[in-house]
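Everything numeric in this text was worked out from a predicted model, so none of it was measured.
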Amino acid sequence: MASTLIVILPFQPGLPKGSNQRSPVMSPVPDSLERWMAPFAALFTRPTWRHVLVLVAGALLTPGRRTVTAALSIMGQRETGSFANFHRVLNRNRWSSRAVAQRLFTLLIATFVPQGPVVIGIDETIDRRWGPKIKARGIYRDPVRSSHGHFVKASGLRWMVVMLLVVHRPATLGQFQG
């Protein structure tokens with residue numbers, strides 16, 4: 001028995017050819033994400049902020065490697081004429097990653113440890129990369145392969161990771177009863 005697959009695509013009326021009017025563009029970003037990211041909006045210009053929201057939404061939805069292309073593809077923005085503008089968010093647009101990190105850190109402390117104490121963990125990780133475009137590459141002591149008597153060098157990028165460590169106190173049943 002033969003089976004038939006019918007695909008029904010929604011009709012999207014377009015403007016007649018040669019028309020200079022623009023149709024209203026709906027934001028591909030959910031309102032809930034815009035509200036969640038609102039504390040960071042003041043750190044970007046308005047055009048950059050719209051691109052940041054699309055990239056964040058795409059990064060959250062993208063399986064596998066989270067590249068700009070993958071984020072735009074999943075958001076349906078890959079074929080737009082302003083594709084390069086999304087790449088500029090990361091390599092040319094003026095915004096401060098330190099200001100974003102400070103805002104995030106302040107929000108995390110206010111949410112998870114408003115009464116203190118604040119416990120911070122720091123980890124150094126060596127990312128073994130090389131090539132002509134890797135400018136900040138250095139030679140570092142490899143702590144995993146080295147010992148007190150044997151020094152092993154590693155070439156690559158050294159990333160410092162700063163973590164907010166939160167002490168989890170289990171809830172008691174009495175907290176949930178009226």
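Residues meeting the side chain to side chain donor-acceptor pair (under 3.5 Å) test with Thr125, sequence neighbours left out: Asp123. Every residue was checked against the side chain to side chain donor-acceptor pair (under 3.5 Å) condition with Arg66, not counting sequence neighbours, and none meets it. Under the ring-ring contact (aromatic ring centres under 6.0 Å, His included) criterion, Trp95 pairs with Phe44, sequence neighbours left out. Remark: Ser96 pairs with no residue by the side chain to side chain donor-acceptor pair (under 3.5 Å) rule, at least two apart or across chains. Under the rule for a ring-ring contact (aromatic ring centres under 6.0 Å, His included), the partners of Phe86 that lie at least two apart in sequence or sit in another chain are His51. For Arg141, the salt bridge (Lys or Arg N to Asp or Glu O under 4.0 Å) criterion is met by no residue, not counting sequence neighbours.
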side-chain contact (heavy atoms from CB on, under 4.5 Å) between Val118 and Leu165, worked out: CA-CA 8 Å; Val118 176; Leu165 303 174; over 6 Å; no

Derivation of the side-chain contact (heavy atoms from CB on, under 4.5 Å) call for Val68 and Leu72: CA-CA 6 Å; Val68 172; Leu72 292 177; 3.9 Å; yes

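Linking Ile, Leu, Val, Met, Phe, Trp and Tyr residues whenever their side-chain heavy atoms come within less than 4.5 Å places Ile122 and Val113 in a single cluster. Under the 4.5 Å side-chain heavy-atom criterion for Ile, Leu, Val, Met, Phe, Trp and Tyr, Met163 and Trp159 are members of distinct hydrophobic clusters. The hydrophobic cluster containing Val152 does not contain Tyr140, counting ILVMFWY residues as joined when their side-chain heavy atoms lie under 4.5 angstrom apart, directly or transitively. Val161 and Phe112 fall into different hydrophobic clusters, where Ile, Leu, Val, Met, Phe, Trp and Tyr side chains are chained together by heavy-atom contacts under 4.5 Å.
Closest of all the heavy-atom pairs between Arg145 and His150 is O-CD2, 4.1 Å. Considering all non-hydrogen atoms of both residues, Ile74 and Pro63 come closest at CD1-CD, 3.9 Å. Scanning both residues, Ala71 and Ala59, for their nearest heavy atoms gives CB-N, 3.9 Å. The shortest non-hydrogen separation linking Leu157 to Arg137 is CD2-N, 3.8 Å.
Atom CG of Leu61 and atom OG of Ser73 lie 12.5 Å apart (nearest 0.5 Å). How far OG of Ser155 is from CG of Asp142: 11.5 Å, rounded to the nearest 0.5 Å. Here OG1 of Thr48 is found 12.0 Å from CG of Leu43. Values are rounded to the nearest 0.5 Å. Taken to the nearest 0.5 Å, the NE2 atom of His87 stands 4.0 Å off from the OG1 atom of Thr69. One distance of note links CD1 of Ile109 with CD1 of Ile120; it measures 6.0 Å at 0.5 Å rounding.
Of the possible donor and acceptor atoms, one in the side chain of Arg103 sits under 3.5 Å from a partner among the backbone N and O of Pro39.
Around the CZ atom of Arg128, the shell of radius 6.0 Å holds more than 12 heavy atoms that belong to other residues, nucleotides or ligands.
The one candidate from Val54, Leu53, Val52 that meets the side-chain contact (heavy atoms from CB on, under 4.5 Å) condition with Arg50 is Leu53.
Within the 4.5 Å cutoff, the side chain of Asn85 has no heavy atoms near those of the Val89 side chain.
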